[in-house]
Amino acid sequence: MTGTATAAHRAFGRRLATALYRRPRLQLGLLLGPPLGALVIAYLGALVLLLINAFWRYDAFIGRVVTQPTLDNFVQIVTASVFRDVAVRTVLTAGAVTIADAVIAFPIAYYMARVASHRTRNILVVAVVLPLWSGYLVKVYAWRVMLLNGGFLDSVLAPIGLRGPGLSDVSAWLVFSYLWLPYMILPIYAGLERIPGSLLEASADLGARASTTFRRVILPLTLPAVIAGSIFTFSLTLGDYVTPSLVAGGTQFIGNIVFENIGVVGNTPLAAAYACVPIVVMLIYLLLARRTGAFESL
Amino acid sequence: MAVEPVTSLSGRMPDQAPESLRRPVSAQAAETAVRLEAVRKVFGETEAVAGIDLEIADGEFFSMLGPSGSGKTTTLRMIAGFERPTSGRILLHGRDVTGVPPFDRDVNTVFQDYALFPHMNVSENVGYGLMVRRVDRAERDRRVTEALRMVRLAGFGRRKPSQLSGGQRQRVALARALVNRPRVLLLDEPLGALDLKLREEMQIELKVIQQQVGITFIYVTHDQEEALTMSDRLAVFSEGRIEQVGSPADVYERPTTPFVAGFVGTSNLLRGDVARAVIGSEGTFTVRPEKIRMTDPDTAAGDDELFAMGEIRDVIYLGSDTRYVVALDAGGELVVTQQNLETSSMEVLEARGRAVRLAWKRRHVLALEGGPSAGEEEARRNP
């Protein structure tokens with residue numbers, strides 16, 4: 001390229017930059033347009049299709065979806081006891097996973113944020129994040145091997161007269177809790193790290209023992225972080241179908257029903273309607289979380 | 001907000017403080033509130049506090065003054081119980097509290113960053129200590145209201161700390177500490193984050209409140225003016241040691257070490273050959289800048305005066321005063337402050353390069369112990 005061409009290029013670039021500087025809205029539009037467009041088409045579009053689908057009907061006789069608006073799918077979900085049972089089981093498991101993760105994550109995050117030295121802290125952050133890099137299926141299969149009847153857990157627990165949970169709901173709970181633990185530790189860790197040390201000193205200075213300081217100062221200030229973490233653990237459990245199909249020993253979760261209706265039966269309208277259950281549950285959960293004021297103090 | 005004029009200081013003596021905030025007058029007026037015995041604190045390989053002994057009397061406004069890293073804040077934190085001394089003892093009103101955790105000590109702290117709980121409103125913040133100590137609700141409300149009235153924040157109880165200005169937060173922090181009626185109140189550079197005007201208002205207000213409640217205040221600051229105006233007594237810290245303890249007048253008029261002479265006020269040190277030439281004897285001496293008279297070279301000195309010839313090297317116009325840096329013919333330099341009684345800024349700035357005679361009364365020359373210390377260079381950097 002010749003020198004004059006480069007100079008012309010530069011001059012053009014400068015004019016363009018000046019034009020953009022004078023029109024901040026245009027600049028913002030160019031910056032956000034492509035990702036927002038992709039988001040609207042790929043994400044909201046898919047969601048809208050799902051909702052429309054839920055109002056169609058699967059005709060078992062001709063084995064095809066009939067595009068005729070109806071509420072049959074929703075009626076079926078609410079009235080058939082199997083759908084209700086699975087939904088309740090999934091929501092309860094998601095709740096139990098969230099509680100287990102919060103209880104386990106808090107002390108670890110506390111140690112990382114407020115006790116450990118700088119070096120130990122970095123090592124622990126890596127240790128917490130590292131499992132997320134390994135294959136999801138590998139981890140679930142590893143658990144399956146441990147949980148199988150007569151497997152590793154059974155033989156470890158045998159000397160103290162106990163048995164492992166085998167393949168069951170409890171196993172699903174255990175494996176989910178293991179899988180989503182990092183998603184709970186990291187936000188709590190970040191939340192705890194943000195609390196100025198002087199607040200804890202002030203609490204002690206005003207006469208509070210460690211337990212009171214925890215209850216009155218640390219916990220309320222990290223509640224938003226715990227709720228952020230719980231949104232991960234809760235929603236990830238609600239939507240998953242691989243883990244239950246591998247370690248739950250035949251009991252079904254919402255994801256399994258959705259998967260079977262699409263993949264096996266071909267009844268996408270029913271699957272779509274059932275997929276609305278976790279969406280509604282999450283909406284209620286987020287509204288409740290907002291009511292606690294957790295988002296305001298973020 | 002209006003601050004009571006200083007003249008009302010004497011008009012608001014302790015008997016006007018709210019009943020709930022006043023400490024009962026102790027039987028012995030000069031009882032020792034805090035006593036440090038050979039207290040040392042080592043962090044890793046740095047010795048933050050290098051063995052200090054200190055006695056602070058009950059009801060005293062005591063300041064710990066020093067540059068950053070001099071050990072004053074660490075000392076305060078050891079009195080509060082946030083740090084445990086490596087060795088030595090700390091006594092509060094005769095009781096050894098060296099190993100006692102902060103929540104069992106009868107002291108409260110006003111933190112540099114205020115450390116207000118962001119999730120509680122002002123009343124909850126102020127009432128926290130009472131709530132933790134299970135004071136019943138009615139009593140708690142009454143004392144919180146009184147404490148807020150005392151710091152002139154009545155009616156602010158429902159606000160969150162984030163809705164307050166810096167000065168208001170500062171006063172909430174003060175109320176939160178005072179409401180517990182501690183025997184000793186520790187203040188860690190509490191005015192450091194405020195702008196100059198607000199800081200001056202708060203200095204007066206703090207002093208008034210201290211006199212009202214009669215609680216021992218231990219006040220950490222690096223601002224020598226603040227320490228001089230507020231304190232009954234002060235300790236000057238340097239490199240983990242106490243250089244001098246005394247009343248503001250003692251420390252300012254009669255500094256005992258070059259460090260104190262430099263840190264409190266401006267360092268005007270004469271030593272070595274210069275001391276021999278100007279003072280006529282060996283040693284290290286200091287003269288306060290405002291005690292020096294600057295005249296034409298041919299004006300005669302008074303009988304009891306010492307003098308030195310020099311040339312004005314630098315002029316710093318300060319509004320009400322002008323500070324001159326004068327290079328002495330005998331070597332070294334002296335700083336001289338003169339009130340701008342008749343001179344204007346244009347005139348003083350033209351004085352640069354002019355030959356002058358400096359004269360001062362013999363009794364204003366102070367001999368310092370030990371000559372130059374390790375802390376002296378730092379003192380010169382932090383006038």
Side-chain angles (χ1 to χ4, degrees), chain A residues 102 106 109-110 113-122 187-231 288-298, chain B residues 44 73 76-83 100-121 124-135 140 144 147 160-162 169 172-182 184-190 193:
Chain A
F106 214 103
Y110 189 85
R114 305 222 71 100
V115 184
S117 68
H118 222 73
R119 217 179 107 79
T120 321
R121 177 185 305 184
N122 290 342
I188 298 182
Y189 162 71
L192 283 169
E193 209 187 20
R194 269 208 307 267
I195 302 179
S198 62
L199 287 190
L200 311 187
E201 284 178 355
S203 178
D205 185 70
L206 293 164
R209 278 153 220 281
S211 58
T212 312
T213 300
F214 180 80
R215 212 172 62 245
R216 300 278 183 185
V217 180
I218 298 177
L219 207 54
L221 287 176
T222 37
L223 194 64
V226 175
I227 287 175
S230 77
I231 288 169
L288 286 179
R290 202 180 69 158
R291 188 165 275 197
T292 64
F295 296 129
E296 285 158 36
S297 40
L298 269 177
Chain B
T73 294
L76 191 84
R77 290 173 57 80
M78 287 193 285
I79 299 173
F82 304 138
E83 309 282 357
V100 174
F103 48 79
D104 283 333
R105 294 190 187 197
D106 198 3
V107 300
N108 283 115
T109 307
V110 176
F111 291 83
Q112 189 170 12
D113 64 354
Y114 316 144
L116 300 180
F117 304 120
H119 58 297
M120 299 181 194
N121 65 27
E124 287 164 343
N125 262 289
V126 175
Y128 186 83
L130 301 175
M131 190 235 359
V132 163
R133 295 208 160 91
R134 306 226 157 79
V135 174
R140 204 197 306 166
V144 167
K160 284 281 178 76
S162 57
R169 283 179 212 184
V172 175
L174 185 64
R176 184 176 69 173
L178 285 174
V179 79
N180 305 295
R181 300 175 203 163
V184 178
L185 187 74
L186 309 175
L187 302 102
D188 184 9
E189 307 214 12

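Residue numbers begin at 1 in each chain, while the letters A, B, ... track the order of the sequences.
For the set Ala173(B), Ala115(B), Ser162(B), the count of heavy-atom pairs under 4.5 angstrom toward chain A peaks at Ala115(B). Of the listed residues (Lys160(B), Arg176(B), His119(B)), the greatest number of heavy-atom pairs within a distance under 4.5 Å of chain A belongs to His119(B).
When every heavy atom of Ser198(A) is checked against every heavy atom of Asp113(B), the shortest pair comes out as OG-OD2, 2.8 Å. Between Phe103(B) and Ala208(A), the shortest heavy-atom distance links the atoms CD2-O, 3.4 Å. Contact between Arg133(B) and Gly207(A) at its shortest, heavy atoms only, is NH2-CA, 3.5 Å.
Heavy-atom distances place both the backbone and the side chain of Asn108(B) under 4.5 Å from chain A. Contacts of Leu186(B) with chain A are absent, with no heavy-atom separation under 4.5 Å from either backbone or side chain. Arg105(B) does not touch chain A: none of its heavy atoms, backbone or side chain, sits under 4.5 Å away. Residue Phe117(B) touches chain A through both its backbone and its side chain, counting heavy-atom pairs closer than 4.5 Å.
The line from CG of Leu206(A) to CE of Met131(B) is 9.5 Å long, rounded to the nearest 0.5 Å.
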Would you be so kind as to tabulate the donor-acceptor pairs closer than 3.5 Å made by side chains of residues 211-219 of chain A, with sequence neighbours excluded?
{"residue": "Thr213(A)", "atom": "OG1", "partner": "Ser203(A)", "partner atom": "OG", "Å": "2.8"}
{"residue": "Thr213(A)", "atom": "OG1", "partner": "Arg209(A)", "partner atom": "O", "Å": "3.2"}

